[in-house]
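Each chain gets a letter, A, B and so on, in the order the sequences are listed, and its residues count up from 1.
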Number of protein chains: 2
Amino acid sequence: MRIGEVARQAGVSVRALRYYEEQDLLQAQRSTGGQRHYPESAVARVRLIQQLFAAGLPSRSVRLVLPCVDSGTAAPGLLDHLEAERARISERITDLAAARDRLDTVIANTRNPPPECTHDPK
Amino acid sequence: MRIGEVARQAGVSVRALRYYEEQDLLQAQRSTGGQRHYPESAVARVRLIQQLFAAGLPSRSVRLVLPCVDSGTAAPGLLDHLEAERARISERITDLAAARDRLDTVIANTRNPPPECTHDPK
DNA sequence: CTAAAACCTGACGCTGGCGTCAGGTGCAAG
DNA sequence: CTTGCACCTGACGCCAGCGTCAGGTTTTAG
């Protein structure tokens with residue numbers, strides 16, 4: 001596949017794919033004319049990269065983590081790093097949940113104003 | 001309280017507090033000499049701001065949301081906005097959970113290599 | 001009264017994940 | 001052969017939430 005098709009299927013921009021290559025996250029064969037050529041599996045890989053980015057991993061970490069996800073296992077030296085990232089993700093989740101609860105309270109209160117909240121100006 | 005104390009208690013930098021003021025997220029009284037003076041409640045407010053930032057809200061949204069959280073209720077016009085933000089947060093949470101699961105798989109596989117993964121070079 | 005903290009206002013820098021030109025090439029169709 | 005779209009390589013732009021330096025003022029400890 002060529003870059004445009006991968007971009008479409010993975011739902012990212014062409015620019016993003018070039019950027020991933022620049023960051024050593026995604027390699028491509030080159031045609032004699034210099035055009036990038038990807039295997040089908042690239043689409044899944046890009047989706048994975050996006051997922052890790054969405055989790056807040058910087059590209060450097062993604063670079064480390066990718067081969068592990070590919071192989072399903074990790075070099076022991078990376079284990080600490082993986083667990084650290086995992087912990088950070090969990091922390092973010094609880095933070096997000098807390099923030100969401102805040103919003104929920106406000107939303108609920110707005111829907112039906114609670115009795116205790118009745119300090120309206122008479 | 002002065003700005004340094006608020007910063008310490010809330011666990012943020014002095015610069016951040018000035019930035020919040022610039023963004024209309026946090027007001028302060030000024031002494032005759034021009035120094036900022038905060039009520040005790042500022043600490044909690046800063047923590048809240050941090051929480052909302054951590055949830056990915058941009059300062060513009062935080063500015064809208066803050067009075068709602070203060071009053072415990074919202075102007076009806078903001079309700080849609082609140083729910084949109086809430087939805088985004090929920091989405092992020094599921095995304096994060098998915099990414100975490102990925103890492104968990106890798107971590108688990110590394111800890112005790114699974115039988116199905118035994119294509120070691122003989 | 002003085003020295004040292006703590007504070008003040010600009011204003012520029014940084015980081016990351018791309019968006020977006022500009023100016024030139026590859027490749028399949030007719 | 002040429003048209004035209006997809007592709008190529010730089011290279012600069014952007015945005016947000018501060019970090020950080022510069023150069024000056026206020027407050028407080030002694």
Side-chain angles (χ1 to χ4, degrees), chain A residues 1-39 42-43 45-66 85 88-89 92 95-96 99, chain B residues 1-39 42-43 45-66 85 88-89 92 95-96 99:
Chain A
M1 303 169 76
R2 292 192 306 173
I3 196 170
E5 187 59 20
V6 176
R8 249 183 306 280
Q9 289 193 28
V12 305
S13 71
V14 166
R15 175 68 173 96
L17 296 182
R18 296 205 187 103
Y19 176 73
Y20 297 165
E21 183 172 325
E22 194 178 312
Q23 300 297 310
D24 281 332
L25 305 180
L26 180 66
Q27 288 71 35
Q29 305 265 24
R30 294 304 186 109
S31 76
T32 55
Q35 301 208 338
R36 290 170 180 86
H37 242 245
Y38 299 88
V43 175
R45 192 178 186 85
V46 170
R47 292 218 176 94
L48 171 57
I49 292 172
Q50 286 282 104
Q51 198 172 22
L52 294 175
F53 275 154
L57 304 202
S59 59
R60 206 153 27 105
S61 292
V62 174
R63 193 181 312 138
L64 291 176
V65 166
L66 272 180
E85 294 291 4
R88 258 186 275 184
I89 293 175
R92 287 230 39 170
D95 287 353
L96 285 172
Chain B
M1 301 169 77
R2 294 193 307 174
I3 196 170
E5 188 58 22
V6 176
R8 249 182 307 279
Q9 289 194 27
V12 303
S13 71
V14 166
R15 176 67 173 94
L17 296 182
R18 296 206 188 102
Y19 176 73
Y20 297 163
E21 183 172 325
E22 194 179 310
Q23 298 297 310
D24 281 331
L25 304 179
L26 179 66
Q27 287 72 35
Q29 306 265 25
R30 295 302 188 110
S31 74
T32 55
Q35 302 209 336
R36 291 170 180 85
H37 243 243
Y38 299 89
V43 175
R45 193 179 187 85
V46 170
R47 292 219 176 95
L48 172 57
I49 292 173
Q50 287 281 102
Q51 198 172 23
L52 293 176
F53 275 153
L57 303 201
S59 58
R60 206 156 21 110
S61 292
V62 174
R63 193 180 313 139
L64 290 176
V65 166
L66 272 180
E85 294 291 3
R88 258 186 277 183
I89 293 174
R92 288 232 37 176
D95 287 353
L96 285 172

Taking any heavy-atom pair under 4.0 Å as a contact, classify L17(B): base, sugar-phosphate, or nothing. nothing
Rounded to the nearest angstrom, tell me the gap between atom CZ in R8(B) and atom C1' in dA6(C). 9 Å
Are any side-chain N or O atoms of R45(B) and backbone N or O atoms of L25(B), one a donor and one an acceptor, separated by less than 3.5 Å? yes
Atom CD of E22(B) to atom C1' of dC15(D): distance rounded to whole Å? 14 Å
Stretch residues 23-34 of chain B: residues that reach within less than 4.0 Å of DNA chain C through a heavy atom: R30(B), G34(B)
Let me spell it out: for each of S13(A) and Q35(A), pick the nucleotide of DNA chain C with the closest heavy atom. Which residue's pick is nearer the 5' end? S13(A)
Interatomic distance where CD1 belongs to I3(B) and C1' belongs to dT9(C) [whole Å]: 12 Å
For dT20(D), does either OP1 or OP2 sit under 4.0 Å from a side-chain N or O belonging to R15(B)? no
Any side-chain N or O of R18(A) under 4.0 Å from OP1/OP2 of dC18(C)? no
Roughly how many Å is it from CG in L57(A) to C1' in dT15(C), rounded to a whole number? 16 Å
Rounded to the nearest 0.5 Å, the CG atom of L64(B) sits from the CD atom of E85(B) at a distance of 9.0 Å
Counting only side-chain nitrogens and oxygens, does Y19(A) get under 4.0 Å of the OP1 or OP2 atom of dC18(C)? no
Between M1(B) and H37(B), is any pair of side-chain heavy atoms under 4.5 Å apart? no
Salt-bridge present (E21(A), R18(A); N to O < 4.0 Å): no
Counting heavy atoms from C-beta on, name the nucleotide in dC18(C), dT9(D), dG17(C) closest to the side chain of R36(A). dT9(D)
Which whole-number value in Å describes the distance from Q50(B) CD to dG17(D) C1'? 10 Å
Whether the side chain of R88(B) engages the backbone of L57(B) through a donor-acceptor N/O pair (distance < 3.5 Å, no angle test) should be reported. no
Would you tell me if any nitrogen or oxygen in the side chain of Y20(A) comes within less than 4.0 Å of OP1 or OP2 on dC18(C)? yes
Using a cut-off of strictly less than 4.0 Å, decide whether R2(B) has a side-chain nitrogen or oxygen near OP1 or OP2 of dT27(D). no
Please state how far atom CG in L52(A) lies from atom P in dG16(C), giving the value in whole angstrom units. 16 Å
Determine whether R36(A) and R30(A) make a side-chain contact, defined as any pair of heavy atoms from C-beta on separated by less than 4.5 Å. yes
To the nearest angstrom, how far is R60(B) atom CZ from dG17(D) atom C1'? 14 Å
What nucleic acid atoms does E21(B) come within less than 4.0 Å of, heavy atoms only: base, sugar-phosphate, or nothing? nothing
Contact summary for Q50(B) and Y20(B), nearest pair of heavy atoms: OE1-OH, 2.6 Å
Spacing between F53(B) atom CZ and dG17(D) atom P, to the nearest angstrom: 5 Å
